[in-house]
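Here the structure is laid out as structure tokens; the discussion comes afterwards.
Note that the structure is predicted; figures quoted are calculated from it, not measured.
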Amino acid sequence: AEAYDLKAVISMVGEDYRGAIDNSIRYLLLTHDDADMLLSASKHEFKYAIDNITVALQIASELQSKAYWYGIRAMAYSYNNYYAEAIDDMQNKLIINGDSVAQLFNNFQLADCYLHLMDYPKAVYHYTKTIQTLEERGVRDAECYLYRAMCYYDMNELDSVWIDTDTIL
């Protein structure tokens, strides 16, 4: 697996983005690790990356593996500003994962996509779900409150902006 990762790095350095994508996907098929190299290469060969991620998703046999590849494709879509497509894949991942801890990251990603699409009520909903999940675990994340406050501001809900910014401070 590590050899594929190294080949992806070398391909990226040599600006062989398709090679970086191919080797990243081989690496991820074996490890289900993070997809930083794949996402970086997708900036240069977006359609090729999406097509290959879709193939990996189609050959995934277990539901958890499918959820992983939905998440990877959602990140590639989001990373390349295709927020509606990212939302579709994140929602598919949420359906598979149910109420697992993975929902925390999915809700934050969904909120971010809705923020970029300027669908502020949906962004607020998902930031709130993220905040609630974190607080159930005894964690308070200023970033979530800040982004939610920005949504409230754009919705002209200034009292809510005040509450969230007070919480941060």
Side-chain angles (χ1 to χ4, degrees), residues 5 8-9 12 20-21 24-25 27-28 31-44 46 49-50 53-54 56-57 60 62-169:
D5 192 34
V9 170
M12 195 68 180
I21 291 165
S24 291
I25 287 180
Y27 172 72
L28 295 172
T31 64
H32 282 204
D33 206 352
D34 71 63
D36 293 342
M37 189 65 58
L38 176 61
L39 295 175
S40 294
S42 76
K43 280 286 195 190
H44 303 279
F46 174 70
I50 292 298
I53 295 167
T54 300
L57 173 62
E62 298 176 14
L63 280 181
Q64 284 310 105
S65 186
K66 285 191 181 301
Y68 171 79
W69 286 105
Y70 274 124
I72 295 295
R73 192 170 67 181
M75 286 189 293
Y77 278 132
S78 178
Y79 194 74
N80 289 282
N81 302 323
Y82 288 84
Y83 299 110
E85 293 85 350
I87 289 167
D88 288 342
D89 276 354
M90 284 184 267
Q91 289 174 333
N92 284 326
K93 184 177 179 181
L94 280 171
I95 289 168
I96 293 170
N97 283 338
D99 290 331
S100 73
V101 175
Q103 280 192 339
L104 175 65
F105 183 63
N106 288 345
N107 276 312
F108 186 80
Q109 279 187 304
L110 281 166
D112 186 56
C113 287
Y114 284 122
L115 176 64
H116 281 91
L117 291 172
M118 295 189 272
D119 188 341
Y120 301 118
K122 287 183 181 174
V124 164
Y125 171 80
H126 287 286
Y127 283 127
T128 301
K129 298 268 300 176
T130 302
I131 289 167
Q132 289 169 342
T133 304
L134 285 170
E135 289 184 351
E136 287 170 5
R137 291 169 173 74
V139 176
R140 182 165 281 173
D141 186 346
E143 184 179 24
C144 290
Y145 281 101
L146 178 62
Y147 286 131
R148 188 173 71 175
M150 290 172 13
C151 293
Y152 283 137
Y153 178 80
D154 287 328
M155 294 166 44
N156 201 31
E157 293 184 20
L158 302 181
D159 288 343
S160 296
V161 173
W162 190 263
I163 292 168
D164 276 0
T165 53
D166 258 3
T167 301
I168 294 167
L169 301 173

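Between Ile96 and Gln64 the shortest side-chain heavy-atom distance falls below 4.5 Å. Asp89 has its side chain out of reach of Leu57: every pair of non-hydrogen atoms, C-beta onward, lies at least 4.5 Å apart. When side chains are defined from C-beta on, Tyr114 does not count as touching Pro121, because their heavy atoms never get closer than 4.5 Å. The shortest distance between side-chain heavy atoms of Met118 and Asp154 does not fall below 4.5 Å.
Nearest heavy-atom pair across Gln91 and Leu110 is CG-CD2, 4.3 Å. Closest approach of Leu38 to Ser24, counting heavy atoms only: N-OG, 3.6 Å. Ala60 and Lys66 get closest at one heavy-atom pair: O-NZ, 2.9 Å. Of all heavy-atom pairs spanning Ala123 and Leu115, the tightest one is CB-N, 3.8 Å. Across Ile21 and Ala41, no two heavy atoms sit closer than the pair CG1-CB, 3.5 Å. Ala84 and Leu117 make their closest contact through N-CD1, 4.1 Å (heavy atoms, listed as atom of the first residue, atom of the second, distance).
Under the 3.5 Å distance criterion, the side-chain polar atoms of Lys122 are left unmatched by any main-chain donor or acceptor of Ala111. Ser78 places no side-chain N or O within 3.5 Å of a backbone atom of Ala74 that could act as its donor or acceptor partner.
Annotation for Tyr125: atom OH does not count as buried by contact number, only 12 or fewer foreign heavy atoms lying within 6.0 Å. More than 12 heavy atoms of other residues, nucleotides or ligands lie within 6.0 Å of OH in Tyr68, so this atom counts as buried by the packing criterion. Around atom OH of Tyr153, no more than 12 heavy atoms belonging to other residues, nucleotides or ligands sit under 6.0 Å away. Around atom CG of Asp166, more than 12 heavy atoms belonging to other residues, nucleotides or ligands sit under 6.0 Å away.
Atom OG1 of Thr167 and atom CD of Glu135 lie 8.0 Å apart (nearest 0.5 Å). In this structure, CG on Leu94 lies 11.5 Å from CD1 on Ile87, to the nearest 0.5 angstrom. Taking CZ of Arg73 as the start and CD of Glu85 as the end, the distance is 10.0 Å to the nearest 0.5 Å. In this structure, OH on Tyr145 lies 11.0 Å from CD1 on Ile163, to the nearest 0.5 angstrom. To the nearest 0.5 angstrom, Ile72 atom CD1 is 5.5 Å from Leu28 atom CG. To the nearest 0.5 Å, atoms CD1 (Ile95) and CG (Leu63) are separated by 11.5 Å.
With 3.5 Å as the limit, one finds a donor-acceptor pair spanning the side chains of Tyr83 and Asn81.
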Evaluate the side chain to side chain contact (heavy atoms under 4.5 Å, CB included) criterion for residues Asp5 and Thr31: first the C-alpha distance (whole Å), next the side-chain angles of each, then the deciding distance (0.1 Å), finally the verdict. CA-CA 10 Å; Asp5 192 34; Thr31 64; over 6 Å; no

Going through the distances and angles, do Cys113 and Met90 end up as a side chain to side chain contact (heavy atoms under 4.5 Å, CB included)? CA-CA 10 Å; Cys113 287; Met90 284 184 267; 3.3 Å; yes

Can you check side chain to side chain contact (heavy atoms under 4.5 Å, CB included) on Asn80 and Lys43, steps first, answer last? CA-CA 6 Å; Asn80 289 282; Lys43 280 286 195 190; 3.5 Å; yes

Side chain to side chain contact (heavy atoms under 4.5 Å, CB included) between Ser42 and Ile50, intermediate numbers included: CA-CA 8 Å; Ser42 76; Ile50 292 298; over 6 Å; no

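Ring pair Phe108/Tyr127 is perpendicular by interplanar angle, where above 60° counts as perpendicular and below 30° as parallel. Classification of the His32-Trp69 ring pair by plane angle, with boundaries at 30° and 60°, yields perpendicular.
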